[in-house]
Each structure stands twice: as C-alpha cells, then as structure tokens.
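First the proteins, then the strands, lettered A, B, ... as listed; each starts at 1.
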Amino acid sequence: MSKQRLTREQIAERAAQELPDGGCVNLGFGIPNLMSNYVPAGKTIYFHSENGILGMGPRAKPGEEDFDLVDAMKVPVTVIPGAAFFNQAEAHMMTRGGHLDVAVLGAFQVSEKGDIANWKVPGTKGSGGIGGAMDIAVGARRLIVCMEHNARDGAPKVVRQCTYPLTAIECVKAIITDLAVIDITAEGLLLREVAPGFTPAEVQRFTEPRLIVSENVPEMRLAAGGM
Amino acid sequence: MSKQRLTREQIAERAAQELPDGGCVNLGFGIPNLMSNYVPAGKTIYFHSENGILGMGPRAKPGEEDFDLVDAMKVPVTVIPGAAFFNQAEAHMMTRGGHLDVAVLGAFQVSEKGDIANWKVPGTKGSGGIGGAMDIAVGARRLIVCMEHNARDGAPKVVRQCTYPLTAIECVKAIITDLAVIDITAEGLLLREVAPGFTPAEVQRFTEPRLIVSENVPEMRLAAGGM
Amino acid sequence: MKNKIYAGGDEVVADVPDGASIMFGGFGGAGFPNNLIRALARRGTRNITAISNNCGSGDNELGILFKNKQIRKAHASFPGPTANHFQDCYGAGEIELELMAQGILCERLRAQAAGIPAFYTTVGVGTEVAKGKEERVVRGKRCILESALGADYAFIKAWKADRIGNLIYRKAARNFNPLMAAAAETTIVEVDEIVEVGALDPEVIITPSIFVDRIVQVPGR
Amino acid sequence: MKNKIYAGGDEVVADVPDGASIMFGGFGGAGFPNNLIRALARRGTRNITAISNNCGSGDNELGILFKNKQIRKAHASFPGPTANHFQDCYGAGEIELELMAQGILCERLRAQAAGIPAFYTTVGVGTEVAKGKEERVVRGKRCILESALGADYAFIKAWKADRIGNLIYRKAARNFNPLMAAAAETTIVEVDEIVEVGALDPEVIITPSIFVDRIVQVPGR
C-alpha cells in the first residue's frame with residue numbers, strides 16, 4: 001500500500017470531484033488552477049474569472065493565443081459555448097454577492113473556524129498583493145481550500161488560529177490536502193477522507209487542531225496511478 | 001407691446017436655448033418635455049431617459065411605434081445616431097454621479113436657496129410618486145426648473161421656503177418661467193431676463209423673495225409670434 | 001446539468017408560496033413579465049411583498065395582483081397615475097407602501113446583487129424619504145444611509161435566452177430587469193425566444209446565466 | 001459640437017499636470033492604455049497618484065512610470081510579482097501605497113461613478129485592510145466602511161470608439177476600463193479604431209459617450 005502523499009495534481013483531481021454539474025466556479029492561483037484539467041466526464045462547469053469571464057475553457061493552444069482573452073493569472077485561455085464577458089465590477093458582483101456555487105483557493109493557513117490566510121507571508125519583503133481573493137473568500141457559497149497539508153518545514157497549515165495575515169474570516173467550508181479531505185462544521189473539523197494508505201491518526205499528527213473522526217473514514221478515490 | 005405671459009411652449013422654447021451643443025440632457029415631465037421640439041438648429045443634444053437611453057430622438061410617428069422604445073413618460077420615441085441603451089441603475093449612475101450636463105424639471109415650488117418641490121401636493125389623496133426626480137435633481141451638473149411663475153390661484157411658486165414636500169435641497173441653478181429667467185446665485189435670486197413687455201418691478205410683484213435686479217434686464221428672445 | 005426551461009407560466013410559478021417577496025421588472029409599459037404576472041394571478045399566491053418601480057396600470061402589469069388583493073406590501077418609486085387598483089387598496093389601508101427615489105431603488109437592488117449591505121447617498125436628504133434614516137456627513141456632504149434590497153424571486157422579461165439562461169433585451173425594455181435578475185434568490189424569466197447555447201455572442205450578453213434559474217418562452221406581451 | 005478626437009498620444013496627454021490623479025485600466029496584460037502611458041512618460045508629468053489594479057510589469061504598462069519616478073502614490077490591489085520598478089521605489093520608501101481587495105477597488109470606482117460617497121462591506125473584516133476603518137454590524141454582519149474613489153483622469157483602452165466616444169471592448173480587455181471611464185473627471189481613451197457615429201449598435205455599447213472626453217486612435221498595444 002502506497003504511503004506517498006498526494007501530488008499537487010492529485011489534490012486538484014480530488015478537489016475537482018467537488019464541483020457540481022452546471023456550477024459557476026472560480027479557481028484561485030496554485031493547485032486550484034490545476035483543477036480544470038480534472039472535471040469529471042459529463043459535467044459542464046462554468047469557470048469564472050474575476051477579470052470578466054464566465055465560461056472559461058482550456059488554455060489556448062500555442063499559436064492560437066488571443067492576448068485579450070486571458071485568465072486572472074495572465075494566461076491566454078479559451079471560452080466554451082454559453083460564455084459571457086463583463087466588466088471587473090460585475091465579475092465581483094458575482095463573487096461578493098454570493099453567486100458563485102464554489103470557489104477554490106490556495107492558502108498558507110486555514111483555521112479550525114474557517115479563517116483563511118493566503119496573501120502575505122509575514123517578514124517577506126515587498127508590498128504583497130491581495131487581488132481578488134478577499135472578495136471571493138467572503139462571497140462564495142462554498143469555499144474550498146486546496147493546499148499541502150504541511151509547510152516545507154513540516155509546520156501544520158491547518159491550525160487553531162492563523163498567524164499569517166488574514167484574507168477573510170469564518171468562510172472556508174472544506175479543506176483538501178495531500179493527506180485529507182476535511183469539512184469545517186459548526187462542531188469542528190470533520191475528517192471526511194484520508195489519502196490512500198494513511199490512517200486518521202496519521203492525519204491528526206500532521207494537523208494542529210483536533211479532528212472529529214468517525215468509525216470509518218474512507219480513502220480518497222483517485223484515478224489509478226494518478227497523473 | 002404685448003403684455004401676455006409666455007405660453008408653456010414659449011417657456012420650453014426659451015429653456016431650450018440653455019442647452020449646450022453636444023450636451024447630455026434629461027428633461028422631466030411637463031414643460032421640460034416640450035423642449036426637445038426647440039433645440040436650436042445646428043445643435044445636437046443627447047437626450048437621456050432614466051429607463052436606459054442616451055440619444056433619444058423625436059417621438060415615433062403613428063404606425064411606427066416600438067413599445068420597447070419608450071421614454072420615461074411611456075411615450076414611444078426614436079433614437080438618433082450615437083444612441084446607447086443601458087439598464088436603469090446605469091441610467092441613474094449618470095444622473096446621481098454628476099454626468100448630466102443639464103437636467104430640466106418642472107416644479108410646484110422653488111426656494112431662493114435652490115430647494116425644489118415637485119413630487120407631491122400636500123393634502124391630495126393617494127400615494128404620490130417620486131420617480132427619477134430626486135436622483136436627477138441631486139446629481140445634474142446644472143439643474144434648471146421650468147414652470148409657470150405663479151400657481152392658478154396666483155400664489156408665487158418662487159418662494160423663500162418651500163411648503164410642499166421637497167424633492168431635493170439647494171440644487172436648482174436657474175428658473176425659467178412665463179415671466180422671467182432667474183439665476184440662483186450665492187448672493188440670491190438674480191433676474192437675468194424678463195418676458196417681453198414685462199418690467200423687473202412687475203416680475204418682483206409676482207415673486208416672494210427679493211430679486212437682484214441690474215440696471216438693464218433684457219427681454220427674452222423668442223421666435224416671432226411664438227408657436 | 002439542471003434543466004432551467006419550464007413548459008409555461010403556470011409551471012414556472014407553481015411553487016411560489018404565500019408570503020413570497022417578488023421583484024417585478026418593467027418600466028413605462030416595456031419589459032414587464034406580464035405572462036408571469038398573469039400566471040401568478042391564476043395561482044393565487046397571497047401576502048406578496050412586491051418590489052417594482054410602479055404598481056400597475058389598470059388591470060395590466062401589477063394591476064391584476066392588486067385587484068386580486070394578492071399583494072400586502074409594495075416597495076416602489078412611482079406607483080403611477082393609472083394604478084387604480086393599487087390606489088384603492090392603499091386608500092383602504094390594505095397595503096403597506098415604501099416609497100423611494102427611483103435611482104435609489106435601482107441602487108438598493110444592485111447593492112443586494114453585489115453583496116453591499118448598505119450605502120450612503122445624498123439623494124433624499126432633507127426630504128420625507130429621509131425620515132427614520134441615519135443621517136451623517138460623508139466627505140462634506142449630508143447623506144442618508146440606505147440598505148440593500150432583494151427578494152425571494154425576480155420575475156423578469158427578456159428578449160432572448162439561451163438554454164442556460166444568458167439573456168439579451170430589446171432597447172428600453174432592459175430597464176430594471178438585469179438588476180432584479182441579479183438581486184433575487186430565484187430568478188424567473190419570460191422570453192420571446194429560447195436559443196441554443198452558444199447562439200448569443202459573449203460580448204453582448206447583458207445578464208449572464210449565473211443570475212437566471214428558470215426560463216419560459218411565452219408568446220405575446 | 002466639441003471635437004473629442006486628438007491626433008495622437010502626445011497631444012492627448014499634453015495638459016496632464018504634475019500632481020494629477022490618474023486611473024489606468026488593464027488587467028493581466030489585456031486592456032492597458034500602453035500608448036497613453038508611454039506618452040505620459042515622454043511628457044514627464046510628476047507626482048502622479050496612480051489608481052490601477054497592479055503596478056507594472058518590468059518596463060511595460062505602469063512600469064515605465066515607476067522607473068521614471070513619476071508616481072508618488074499608488075492605490076492597487078495586486079502590485080504584481082513582475083512590478084520590479086514599483087517594488088524598488090516601494091522598498092526605498094519613495095512611494096505611498098494603499099493596498100485593497102480587487103473587488104473593493106472596483107466597487108469604490110463604481111461608487112464614485114454613481115454618486116455614492118461610501119458603502120459598507122464584509123470584505124476585509126478582521127484583516128489588515130480594516131485597520132483605521134470604521135467597523136459596524138449591518139444586518140447582523142460585521143462590515144467596514146469604504147469610500148468612493150475617483151481621479152482627475154482615466155487612461156483607458158477600448159477596441160472601437162465612435163466619434164462621440166461610445167466604446168466597445170474586446171473580450172477580457174474590458175476589465176476595469178468601463179469603471180474608470182465613468183469615475184474620472186476627464187476620460188482619455190486609446191482605441192484600435194474610430195468609427196462613424198451610428199456605426200455601433202446601441203444595444204452593444206459598453207461605455208456610453210457621456211463618460212468619454214478624449215479619443216486617440218493609435219496602432220499597436
């Protein structure tokens with residue numbers, strides 16, 4: 001039985017299973033941005049970009065780029081049938097106004113109350129930058145965070161209280177990492193799934209707050225061999 | 001020399017002389033609505049309607065009405081080249097945001113400070129109705145009122161203080177009536193023109209607040225014979 | 001994927017419950033969801049809170065709902081000179097009315113749609129509509145505080161919808177419809193024509209599909 | 001009627017004075033008024049207050065103005081990883097920065113355009129951006145107060161303008177441009193093409209002419 005943590009691609013693959021058919025979804029920088037490659041067959045997702053697109057398709061093929069049609073990461077993309085363009089205030093009317101079915105963001109830390117910190121590493125030089133994450137975090141009907149379970153130095157990123165500058169408070173509904181799927185509930189952090197080969201106790205060891213663990217916590221289902 | 005007060009059409013004709021070439025202008029119910037017939041030759045005015053039109057043209061000819069293209073008074077109209085459609089919030093972004101060069105409203109009363117009362121007659125039955133007048137009055141760069149100088153019972157409508165329910169405070173810049181053109185200035189009401197055949201003293205008699213009168217107050221210029 | 005297309009007006013309003021709050025698009029006779037309104041009259045939903053620029057024209061537009069005594073409370077800017085059924089109810093004290101400036105009605109709807117709980121405005125300062133509202137000086141200007149306004153449902157009218165709910169309108173029939181579509185929990189649109197997904201140019205879509213829940217194609221105004 | 005069309009970038013920015021506040025459209029490399037920015041660099045206007053989602057990309061977009069030390073203060077949401085000239089100035093303490101959420105930047109611009117002096121929002125509550133701002137509970141939600149944000153000038157990019165200034169954009173190059181056009185005292189637009197009045201369908205105009213003061217047709221991005 002494998003004891004490998006998930007790859008970033010596998011986290012994205014697992015997270016993509018959370019997307020509802022026909023849903024309007026915003027994907028943030030980092031791992032979330034990989035999710036569009038893993039939309040389950042038969043599902044149509046209308047990907048939202050805060051620069052004024054609903055209905056983003058795959059990245060543009062080399063040689064077919066239109067630099068007026070880029071995503072929030074500046075990457076030339078395409079649109080699918082049924083797409084619409086609008087201005088940036090209308091795009092954030094969608095984020096802040098509670099119109100996105102799901103948003104998925106990366107994060108440095110998520111607290112057990114659902115606070116998220118994803119825009120600034122304390123002590124780093126430069127101005128930092130916020131971008132659309134605050135509006136998206138506050139407004140999405142269901143906010144999912146995709147991230148590695150632990151920082152490079154092993155520090156837990158699922159924490160009792162965030163120590164990094166906050167993006168928004170009490171808004172994350174689920175966390176998908178290379179070790180687990182965790183729901184943030186009124187009772188606390190509910191361990192919904194573990195990575196293949198890992199036990200709930202092992203996941204708990206890498207997590208700062210106490211996890212609620214039921215008798216049978218299933219393993220995540222991923223395509224054989226991953227990517 | 002005629003001693004007739006101006007007709008409603010003549011008030012509209014005089015008021016139309018105030019419209020700047022290329023300007024964006026909203027015309028309210030009543031006398032203002034007649035002004036579009038008197039735009040001086042060679043001038044292009046972009047008439048704004050709060051239901052989402054900039055660039056209204058004349059009323060539609062009988063048989064050529066499009067009932068999806070109506071003005072704020074429900075009258076089928078036309079558009080001129082360069083017109084644009086937008087939603088009602090965008091239409092009021094233009095009114096409230098200070099984008100209209102000129103707006104012209106009718107009124108029951110205007111005070112010497114530029115307060116306007118134009119939406120409700122005290123003591124009348126029914127709910128009354130406000131419509132777009134409050135946003136237009138507050139936001140127009142230059143608000144002109146067109147009205148008869150006196151009520152049917154002879155009561156002055158240019159008053160020290162409005163007794164009718166207010167539409168907006170301290171916003172009227174000029175008043176054009178069947179007797180006079182009056183500018184509302186920081187110093188008070190400045191009599192700019194009188195109706196043909198009338199003297200400043202006669203205008204003052206029909207006006208509640210004191211008028212500032214210069215040595216030579218010219219008569220309004222109107223097309224010979226009016227309409 | 002969830003189907004948004006309903007067979008007709010009766011089907012699309014079949015679950016609108018007593019006590020619902022409903023926004024109705026339309027202005028000056030253009031862009032009214034008249035088929036939805038008539039379906040609601042047939043259904044007989046009662047105790048409605050209605051949000052609409054005006055309050056009907058004779059038996060037309062919202063008139064039929066006031067005539068049937070289906071509306072308990074109205075938020076409007078200009079009930080209108082031909083809103084006789086509304087005026088009868090209002091005169092009889094059967095209806096609660098909140099009257100407001102038209103642009104503020106628009107802005108409150110947009111605030112709801114955009115997740116803005118409240119805003120300050122100079123409109124209404126010193127007038128009857130300021131009564132009971134917080135007043136304060138912002139940037140040297142007297143302002144009053146206005147709050148977001150939304151509803152359980154928006155009943156709107158568009159020209160064309162594609163099958164997922166992207167909408168375009170005709171001329172001045174656009175008016176309040178895009179605002180209400182975005183400010184409702186559930187948006188129901190009647191259209192002249194339903195087209196295939198992809199048939200509408202992404203550049204000219206006025207209401208993106210995210211704001212639309214149910215679509216009916218119905219003939220006539 | 002006043003002519004809005006200028007011969008070129010240098011002519012259209014010729015009177016932009018030292019100390020001017022300027023909004024710059026563009027996002028993700030699309031919709032930047034690069035020709036206007038380069039003309040402003042040639043003109044040498046100093047002490048600029050810049051309002052823009054980001055702060056340049058190398059020597060491109062706003063980069064050239066930071067490199068030239070023409071900007072004194074910036075209001076931005078995401079200065080950007082490639083904004084090296086900005087970061088140099090910022091690190092040297094030569095630039096004042098107001099950092100804010102992107103949607104709040106949009107909303108503040110729109111508020112200015114719409115005559116809304118201030119509004120409450122849940123965005124930023126409990127974070128660094130809430131520092132120094134009034135906090136209050138509105139409808140049961142913790143909110144902070146944000147104010148309208150506008151400028152003397154908007155420098156924007158559109159695809160086509162007609163001769164009176166109605167604008168259409170291409171795809172995601174629309175972004176901040178329509179908001180800034182509406183929030184400025186003087187709006188200057190560079191376009192790929194100027195067309196005759198009447199050539200743009202009134203249904204698809206994104207920025208109506210009322211918001212546009214000066215137009216230049218310039219080749220290239």
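Only the backbone of A/Thr167 comes within contact range of chain D, judged by heavy atoms closer than 4.5 Å. For D/Thr207, no part lies near chain A; criterion is any non-hydrogen pair under 4.5 Å. Looking at D/Tyr169, there are no atoms closer than 4.5 Å to chain A (heavy atoms on both sides), in backbone or side chain. Residue contact with chain A, scored on non-hydrogen atoms closer than 4.5 Å, involves the side chain of D/Tyr90 exclusively. Neither the backbone nor the side chain of A/Thr95 has a heavy atom closer than 4.5 Å to any heavy atom of chain D. Using a 4.5 Å cut-off between heavy atoms, A/Glu50 touches chain D through backbone and side chain atoms alike. If you measure heavy-atom distances from A/Ala137 to chain D, you find no contacts under 4.5 Å at all. Of the two parts of D/Leu109, neither the backbone nor the side chain holds a non-hydrogen atom closer than 4.5 Å to a non-hydrogen atom of chain A.
Within 6.0 Å of atom NZ in A/Lys113, 12 or fewer heavy atoms from other residues, nucleotides or ligands are found, so the atom counts as exposed in its surroundings. Within a 6.0 Å radius of CZ in A/Arg210, no more than 12 heavy atoms belonging to other residues, nucleotides or ligands are found. The environment of CD in D/Glu94 is crowded: more than 12 heavy-atom neighbours from other residues, nucleotides or ligands sit within 6.0 Å. Annotation: D/Lys133, atom NZ; neighbour count of heavy atoms from other residues, nucleotides and ligands within 6.0 Å is above 12. By the neighbour-count criterion of 12 heavy atoms within 6.0 Å, atom CZ of A/Arg59 is sparsely surrounded, having that number or fewer from other residues, nucleotides or ligands.
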Report the C-alpha distance between D/Ser57 and A/Lys74 in whole Å, list the side-chain angles of each, state the deciding distance to 0.1 Å, and finish with yes or no for side chain to side chain contact (heavy atoms under 4.5 Å, CB included).
-> CA-CA 12 Å; D/Ser57 180; A/Lys74 220 170 164 166; 3.4 Å; yes
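Scanning both residues, D/Pro79 and A/Gly128, for their nearest heavy atoms gives CD-O, 3.4 Å. Looking at every heavy atom in both residues, D/Ala101 comes nearest to A/Asp135 through CB-OD1, 3.5 Å. In this structure, A/Trp119 and D/Glu128 approach most closely via the heavy-atom pair CH2-OE1, 3.6 Å. What you find for D/Gly124 and A/Met134 is that their closest heavy atoms are CA-SD, 4.2 Å.
Ranked by non-hydrogen atom pairs under 4.5 Å with chain D, the options A/Val138, A/Asn51, A/Asp115, A/Asp68 are led by A/Asp68. Ranking D/Ile104, D/Asn53, D/Asn54, D/Asp88 against chain A, the residue ahead of the rest is D/Ile104, based on heavy-atom pairs under 4.5 Å. Most heavy-atom pairs under 4.5 Å with chain D, from the set A/Lys120, A/Glu170, A/Glu90, A/Met73: that is A/Lys120. Among the candidates A/Asn87, A/Leu69, A/Ile136, the residue making the largest number of heavy-atom pairs closer than 4.5 Å to chain D is A/Asn87. Taking A/Gly132, A/Ala133, A/Gly52 one by one and counting their heavy-atom pairs under 4.5 Å with chain D, the maximum is reached by A/Gly132.
Exactly one of A/Arg96, A/Gln88, A/His92 qualifies for a side chain to side chain donor-acceptor pair (under 3.5 Å) with D/Glu107. That residue is A/Arg96.
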Taking only distance into account, with no hydrogens and no angle test, what donor-acceptor pairs under 3.5 Å do side-chain atoms of residues 22-30 of chain D form with protein atoms, sequence neighbours excluded?
none

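By the salt bridge (charged side-chain N to carboxylate O under 4.0 Å, His left out) test, D/Arg142 pairs with D/Glu135, sequence neighbours left out.
Checking side-chain atoms of D/Arg110 against main-chain N and O of A/Ala89 turns up no donor-acceptor pair under 3.5 Å.
D/Arg170 has a carboxylate O that lies under 4.0 Å from a charged side-chain N of A/Asp66, or vice versa, which qualifies the two as a salt bridge.
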